[in-house]
Amino acid sequence: MADQLLFNPRTYDPAHFDAETRRLLRATVDWFEVRGKRQLIEDYRTRAWLGDFLGFAAKENLFATFLTPSAAGEGEGEADKRWDTARIAALNEILGFYGLDYWYAWQVTILGLGPVWQSDNAAARERAAQLLAQGEVFAFGLSEKTHGADIYSTDMLLEPDGDGGFRATGSKYYIGNGNAAGLVSVFGRRTDVDGPDGYVFFAADSRHPAYHLVKNVVDSSKFVSEFRLEDYPVRAEDVLHTGRAAFDAALNTVNVGKFNLCTASIGICEHAMYEAVTHAHNRVLYGRPVTAFPHVRRELTDAYVRLVGMKLFSDRAVDYFRSAGPEDRRYLLFNPMTKMKVTTEGEKVIDLMWDVIAAKGFEKDNYFAQAAVEIRGLPKLEGTVHVNLALILKFMRSHLLDPTSYPDVPTRLDAADDSFLFRQGPARGLGSVRFHDWRPAFEAYAHLPNVARLREQADALCEFVTTAAPDEAQSRDLDLLLAVGQLFALVVHAQLVLEQSRLTGLDEDVLDELFAVLVRDFSSHAVELHGKDSATPQQQEWALAAVRRPVVAPERTDRVWQRVEALSGAYEMAQ
């Protein structure tokens, strides 16, 4: 029997979506399955451009259906077009499952569309919708070689041409799809206006003679380009945003785009897990299957429950994303959590399995070899782990100590357009964001020993924030603050996992086994905080007092192991 918690192409039936969404998701799975594992691996090894996949996506109208907001797709036969985070997340998982290169072309198309769908420029929006319908991909021209994503320091300069437009000169770096994008959203600044009023977002075409493709900066099928504009004509109708609105569009686009990294990470881990468990369970050492060894069972069980936790958190975060509005911006915490926490959990999942399968993880005929490489990239895209942890910390006091009341957020799988994502408004005011009380999620599962134990640690963290929080000098020590951020992130992660468990009726054995892992993680981060150079004696004492041992229950662990063991042979991609 297939595990209902993991994606399995053999049994996949997204019946919770509308008919056209189901058809497109299933058609995507079938395209990859027909293409076969051997060809996918060969394309990955030879760094082949993704023309065949993009041809399939164009034929099926995949990107256009999933990435055109309903307001921009109101023509005849376009009723299925909308920006629906739930089905976007489902496609992220599928593309990650088969290869991150495919996901990347889709992901940077999402980023490239962000400034367009946020723009008041109706002509540009119409042009983008037409390009999507033609099967084109998009790109997001923000980062630069010298400054990275420091948009305060952009060297893409726009000089007024005297006719209401500009001439743009400058280069961009780390720009996915820069070799093929029908529209590149480019961030720059005017030469005649100082300060934030001089920012401009404009639409460029990678096929224009003044657009010069320099190179692919990575050795991959992903075309992560460096390009340069030389006296590129920017007409008035190409301008998407000016001034502070251009700055906000950049940050709000990243808010939308970085959410996708979590579900891509999940897909990678799922495919790798089928391979790893099948290999380990069928390999005999010293007369016994590898999975008979206690340390192997522990590592694979930990990997499984961590992966389940990734899925639970991400699925619940979708609900907050889709229910967001001007008065409910809780997604601004849960979003960097998906980017930082879920993707780093993905690294741990792969590492645990790699410790089990060892040299098998290097073999060129397996998916695992590319999974082990590609899983590393996700925590480093759309802002590093450190950047997102620092962002998460801004919400700690409000979330832990100052809850407010909100209506319950339901599971959001309805066929609705998530239009608020393109009218998020100014990218500031994080201090005013409020949250619902995190404690009821824990109280609903207080009967599970490891949930209760992590609750003790969460309460201890509240005490830390109240009585031993970093002082003014320590607030400049990012090394110390990031250790505190890891502790807070664990509480938020656990909260949404519990909420989703309640909504889905998750097996309580799996949930308590996951929380045993989270208790260990909290203790590990507390010990790390204890060892920080600037930690005060009071903080050191608190850190050691917050260490807990998870509640061990061999029968529970064995029941969860049986779920892991059943993954052996449950799926293998056709050659």
Side-chain angles (χ1 to χ4, degrees), residues 6-36 40 50-113 117 128-138 177 182 256-257 259-260 262-264 266-267 270-271 311 314-315 318 321-322 411-419 421 571 573-574:
L6 302 188
F7 168 72
N8 185 335
R10 291 181 180 175
T11 59
Y12 183 60
D13 178 18
H16 49 283
F17 288 120
D18 61 275
E20 181 61 6
T21 298
R22 292 199 303 273
R23 187 192 73 78
L24 286 170
L25 292 174
R26 187 66 241 184
T28 304
V29 171
D30 292 343
W31 185 85
F32 282 110
E33 290 293 322
V34 169
R35 194 165 182 82
L40 288 185
L50 311 173
D52 288 350
F53 169 67
L54 295 178
F56 155 78
K59 175 177 175 291
E60 295 292 345
N61 221 21
L62 178 63
F63 287 14
T65 301
F66 277 36
L67 300 182
T68 307
S70 56
E74 295 176 341
E76 184 177 349
E78 297 188 326
D80 294 305
K81 290 184 177 180
R82 64 183 185 273
W83 193 286
D84 176 339
T85 304
R87 67 178 186 175
I88 287 172
L91 187 56
N92 287 331
E93 184 176 2
I94 291 169
L95 297 180
F97 188 92
Y98 289 108
L100 199 66
D101 291 345
Y102 304 96
W103 170 86
Y104 185 74
W106 147 267
Q107 161 69 356
V108 292
T109 292
I110 288 173
L111 291 170
L113 285 165
W117 297 145
Q130 291 171 348
L131 289 169
L132 275 171
Q134 294 164 14
E136 297 282 358
V137 293
F138 291 66
N177 289 350
V256 174
F259 180 83
N260 300 312
C262 64
T263 34
I266 288 165
E270 287 170 321
H271 197 157
K311 294 199 73 167
S314 300
D315 286 348
V318 165
F321 234 70
R322 304 197 70 196
T411 299
R412 290 293 309 276
L413 296 172
D414 48 304
D417 199 66
D418 300 338
S419 58
L421 298 179
Y571 168 78
M573 191 174 181

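Computed over heavy atoms, backbone and side chain alike; hydrogens, waters and symmetry mates excluded.
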Shortest non-hydrogen contact from [X] to [Y]?
| X | Y | result |
| --- | --- | --- |
| Ala86 | Arg412 | CB-O, 3.7 Å |
| Glu60 | Leu24 | O-CD2, 3.4 Å |
| Ser314 | Thr263 | CB-CG2, 4.4 Å |
| Ala72 | Ala129 | O-CB, 3.7 Å |
| Ala105 | Phe63 | O-CE2, 4.5 Å |
| Asn61 | Ala133 | OD1-O, 3.8 Å |

Could you check if a side-chain atom of [X] sits within less than 4.5 angstrom of a side-chain atom of [Y], using non-hydrogen atoms only?
| X | Y | value |
| --- | --- | --- |
| Arg82 | Thr21 | yes |
| Trp31 | Asp52 | yes |
| Asp418 | Phe321 | no |
| Leu40 | Met573 | yes |
| Glu136 | Thr109 | no |
| Trp117 | Val256 | no |
| Phe259 | Val318 | yes |
| Asn177 | Phe138 | no |

Would you please classify the geometry between the Tyr98 ring and the His271 ring as parallel, tilted or perpendicular, with 30° and 60° separating the classes?
perpendicular
Look up atom [atom1] in [X] and atom [atom2] in [Y], then write down how far apart they are to the nearest 0.5 Å.
| X | Y | atom1 | atom2 | result |
| --- | --- | --- | --- | --- |
| Leu413 | Thr85 | CG | OG1 | 11.5 Å |
| Trp83 | Leu113 | CH2 | CG | 5.5 Å |
| Leu62 | Thr28 | CG | OG1 | 4.5 Å |
| Arg35 | Tyr102 | CZ | OH | 5.5 Å |
| Leu67 | Asp84 | CG | CG | 11.0 Å |
| Leu54 | Lys59 | CG | NZ | 14.5 Å |

Go through it in stages, so that I can follow the logic: the residues are Asn260 and Trp103, the test is side chain to side chain contact (heavy atoms under 4.5 Å, CB included), and I'd like the CA-CA distance, side-chain angles, deciding distance and then a yes or no.
CA-CA 9 Å; Asn260 300 312; Trp103 170 86; 4.1 Å; yes
Could you check Ile110 against Ile88 for side chain to side chain contact (heavy atoms under 4.5 Å, CB included), going step by step and ending with a plain yes or no?
CA-CA 10 Å; Ile110 288 173; Ile88 287 172; 4.2 Å; yes
Between [X] and [Y], does at least one N-O distance fall below 4.0 Å, as a salt bridge requires?
| X | Y | result |
| --- | --- | --- |
| Arg23 | Asp80 | no |
| Arg26 | Asp30 | yes |
| Asp417 | Lys81 | no |

Report the C-alpha separation of Val137 and Val108 in whole Å, then their side-chain angles, then the decisive distance to 0.1 Å, and conclude whether the side chain to side chain contact (heavy atoms under 4.5 Å, CB included) test is met.
CA-CA 8 Å; Val137 293; Val108 292; over 6 Å; no
Partner of Tyr571 by side-chain contact (heavy atoms from CB on, under 4.5 Å), out of Tyr12, Phe7, Phe97:
Phe97
When you measure from the side chain of Glu270 to the backbone of Asn8, do you find a donor-acceptor pair of N or O atoms at a distance under 3.5 Å?
no
Donor-acceptor pair, Arg87 side chain versus Asp18 backbone, under 3.5 Å?
no
Go through the steps for Phe66 and Leu25 under the test side chain to side chain contact (heavy atoms under 4.5 Å, CB included), then give the verdict.
CA-CA 10 Å; Phe66 277 36; Leu25 292 174; 3.9 Å; yes
